[in-house]
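The structure appears below as structure tokens.
Below, chain A is the first sequence line, B the second, and so on; all start at residue 1. Just so you know, these numbers come straight off a predicted model, no measurement behind them.
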Amino acid sequence: MSKLNPRQAEAVAYISGPLLVLAGAGSGKTSVITRKIAYLVQQCGIRAQYICAVTFTNKAAREMKARVASLLKAGEGRGLTVSTFHNLGLNIIRREYAHLGYKPGFSIFDEGDIKALLTDIMQKEYQGDDGLDEIKNYIGNWKNDLILPDEALEKARTPKEQTAAVVYLHYQRTLKAYNAVDFDDLILMPVKLFQEHPEVLERWRNRIRYMLVDEYQDTNTSQYLLVKMLVQERAQFTVVGDDDQSIYAWRGARPENLMQLKDDFPSLKVVMLEQNYRSTSRILKCANVLIANNPHVFEKQLWSEMGHGDPIRVLRCKNEDGEAERIALEILTLHLKTQRPYADFAILYRGNHQAKLMELKLQHHQIPYRLSGGTSFFARQEVKDVMSYLRLLVNPDDDNAFLRVINVPRREIGSTTLEKLGNYAGSRDRSMYAAADEIGLGEHLDARFTERLGRFKRWMDGVRKNCAGEDPIGALRSMVMDIDYENWIRQNASSDKVADFRMGNVWFLLDALKNILEKDEDGQMTIEDAIAKLVLRDMLERQQEEEEGADGVQMMTLHASKGLEFPYVFIMGMEEEILPHRSSIEADTIEEERRLAYVGITRARQTLAFTYATRRKQYGELIDCTPSRFLDELPPEDLQWEGLEEAPQEQKAARGNDALAAMRAMLKRG
DNA sequence: CACCGCTCAGTTTTT
DNA sequence: CTGAGCGGTG
């Protein structure tokens with residue numbers, strides 16, 4: 001077990017009041033959190049069940065859990081909570097749903113469900129879904145700021161806001177009727193609940209006596225309020241964050257929450273972690289010098305004892321094709337020369353579209369790679385279908401799921417039937433599923449159609465019964481067989497290969513569900529809970545990770561790279577309009593772009609290179625590119641520019657290009 | 001309902 | 001310039 005430095009030790013041992021740890025990149029913040037949990041349990045006699053650590057991603061939570069487990073003796077970690085904000089919120093709602101007027105088995109709507117619901121509402125209210133995304137943003141922002149529909153209606157000034165507020169009101173009512181919540185509600189509802197029911201809050205405060213929050217700079221207003229309410233005047237907490245790594249303001253994160261803490265908790269102690277255990281000092285100097293261009297409340301200087309390191313190279317390329325080619329050749333050469341696995345190399349970029357060409361080049365040179373991001377597993381049709389079956393199974397009020405499922409596969413229930421069922425259900429204040437076999441429906445629908453609906457409902461009720469038995473997963477597998485889903489997939493797929501892949505996803509989903517049920521320690525997990533966890537992506541990634549053991553160059557966006565590290569890092573597209581992004585230049589949010597560059601630089605352990613193209617095809621036109629202003633902000637003495645010989649008039653002196661020639665020669669040799 | 005052609009946007013994204 | 005998504009048509 002590694003020794004903590006004095007600052008880290010101070011952060012771990014300080015438990016007499018609220019603590020803010022400003023942890024620079026690579027300064028061992030996860031160690032501090034995990035060691036602190038162990039310290040609380042082993043030295044302070046606080047039982048693990050009273051400790052709650054919160055992260056933003058499942059991955060971070062998983063890593064933290066594993067590291068804590070390795071520090072504690074068996075049994076000591078019993079009842080410890082390490083979860084994401086959303087999972088914590090889910091756990092609260094799971095126990096307190098009755099106070100919120102919800103029923104068990106409530107659905108969690110994902111991005112797709114939300115859009116479908118909003119489209120539906122806007123069709124009804126405004127006969128069109130123009131500006132859906134904008135309205136969705138308004139609603140999301142309100143929810144992040146803890147503003148409910150009534151307040152939004154009052155506050156709305158512009159016509160757009162008023163429209164959005166009206167839609168918001170309908171949206172929230174419909175969610176309630178469907179016995180559903182969205183992701184934002186998982187945070188917002190617990191806060192509202194605690195505000196309205198102090199006795200419930202008291203119960204939770206009793207359960208959570210010490211709180212630790214990771215990536216605090218990424219919290220939004222609701223999340224901060226949730227933390228604040230739980231810790232309240234007892235103020236037993238540690239939050240860890242880095243204002244320089246705040247790159248999610250665009251989705252509601254408020255790095256100001258770091259400052260807010262000082263006002264809200266005057267006794268706040270601040271500890272700064274400035275020793276970096278990841279990068280060479282040259283890389284850190286670059287990072288420091290760059291970020292010094294941003295205003296700071298807390299000044300920090302990262303330093304390391306990892307040696308001076310290689311110069312940082314800036315590779316000038318003719319065009320986007322040359323850029324990708326150059327990176328591919330660099331990696332190929334370095335891989336051969338150093339014998340390091342491809343997984344030691346990372347290519348980072350601002351936007352996902354930049355990955356395309358890069359991918360082609362890597363393929364061309366037969367370099368294995370791993371691409372993170374891309375189409376989410378949950379966006380896949382077959383996954384959505386099966387998820388909808390699962391949801392309808394545990395939540396018959398979920399009309400969204402009902403509509404998705406009713407004709408998949410074909411049950412000869414058309415839009416007219418569904419519209420009449422919907423109207424009838426609406427008039428009776430029932431869900432479509434509940435109304436599907438009501439006698440009164442016969443007055444609006446022909447017997448043929450009521451029979452089809454009734455048959456579906458009877459079948460579904462049967463499946464639900466089976467699920468309540470000994471082997472719920474087995475029951476779900478039979479359900480998939482029962483509807484002959486495989487046949488449906490085969491009919492709709494373009495090839496057998498695609499069909500196999502899709503069926504694989506279906507079984508994978510059920511396996512993940514099985515794993516969630518099985519790994520549950522206290523045996524309290526119901527199938528309802530497990531499905532909710534599935535929507536929150538928990539467990540799924542873990543399985544995918546296990547399958548992803550293969551060696552390969554890692555390609556990802558700068559955003560996705562936060563929290564990771566690589567020996568060799570390439571940051572591509574270092575150009576004005578790309579990094580900083582054009583829209584950020586226009587919106588004057590350069591500082592966040594600078595932090596994005598900062599995050600990218602601080603991912604590198606030993607070698608860092610930037611690339612940019614002098615010309616680039618954009619929207620069908622060949623345009624001249626300007627190197628990113630961030631390159632100019634870096635210390636010139638640590639940079640080594642390459643590829644300037646074609647443009648000697650540029651501000652930087654041309655340097656020898658021996659490296660490129662040597663590389664080519666080496667490639668020829670083998 | 002399937003397919004074709006037109007229009008329009010073209011950042012980052014977890015839960 | 002592309003690719004997605006939409007609307008119109010057969």
### Task
Give a yes-or-no answer on whether the side chains of K533(A) and N87(A) include a donor-acceptor pair shorter than 3.5 Å.
yes
### Query
Taking atom P in both dT12(B) and dG5(C), what distance in whole Å separates the two?
15 Å
### Message
Between P on dT12(B) and CD1 on I571(A), what's the gap in Å once rounded to a whole number?
### Response
17 Å
### Query
If you check the A560(A) side chain, which of dC1(C), dT13(B), dT15(B) turns out closest?
dT13(B)
### Summary
Of the candidates dC1(C), dT12(B), dT14(B), the side chain of R350(A) sits closest to dT12(B)
### Query
In whole angstroms, how far is the C1' atom of dT14(B) from the CZ atom of F183(A)?
8 Å
### Query
Between dG10(B) and N352(A), is there an OP1 or OP2 to side-chain N/O distance shorter than 4.0 Å?
no
### Task
With the side chain counted from C-beta on, respond yes when E575(A) and R616(A) share a heavy-atom pair under 4.5 Å apart, and no when they do not.
yes
### Euclidean distance, atom CE of residue M556(A) to atom P of dT13(B) [Å, nearest integer]
11 Å
### Query
Are any of N58(A)'s side-chain N or O atoms less than 4.0 Å away from OP1 or OP2 of dT15(B)?
yes
#### Entry: Aromatic F378(A) / basic R537(A) pairing, under 6.0 angstrom, 45° off normal
yes
### Message
Could you tell me how far apart E577(A) (CD) and dG10(B) (C1') are, to the nearest whole angstrom?
### Response
13 Å
### Task
Assert yes or no for the condition that the ring centre distance of H86(A) to F56(A) is strictly below 6.0 Å.
no
### Query
For W250(A) and dT12(B), is the gap between ring centres under 5.5 Å while the planes differ by less than 30°?
yes
### Task
Using a cut-off of strictly less than 4.0 Å, decide whether H353(A) has a side-chain nitrogen or oxygen near OP1 or OP2 of dT11(B).
yes
### Message
Side chains of E215(A) and T57(A), heavy atoms from C-beta outward: is any pair under 4.5 Å?
### Response
no
### Minimum-distance nucleotide (side-chain atoms of Y619(A) versus dT15(B), dC1(C), dT14(B))
dC1(C)
### Query
What integer number of Å spans the P atoms of dA4(C) and dT11(B)?
13 Å
### Query
Is there a stack between H559(A) and dT12(B), judged by ring centres under 5.5 Å and planes under 30°?
no
### Summary
Closest of dT13(B), dT11(B), dG10(B) to the S584(A) side chain is dT11(B)
### Query
Could you give the CZ-to-P distance, from R595(A) to dT12(B), as a whole number of Å?
18 Å
#### Entry: Distance, rounded to the nearest Å, where L90(A) contributes CG and dT14(B) contributes C1'
15 Å
### Query
Between K356(A) (NZ) and dC1(C) (C1'), how many Å, whole number?
11 Å
### Task
Using whole Å, report how far CG of L357(A) lies from C1' of dT2(C).
13 Å
### Task
For residues Y485(A) and E382(A), determine if any side-chain heavy atom of one lies less than 4.5 Å from a side-chain heavy atom of the other.
yes
### Query
At under 4.0 Å, does any side-chain N or O of T557(A) touch on OP1 or OP2 of dT11(B)?
no
### Task
Pick base, sugar-phosphate or nothing for E111(A), based on heavy-atom distances below 4.0 Å to the nucleic acid.
base
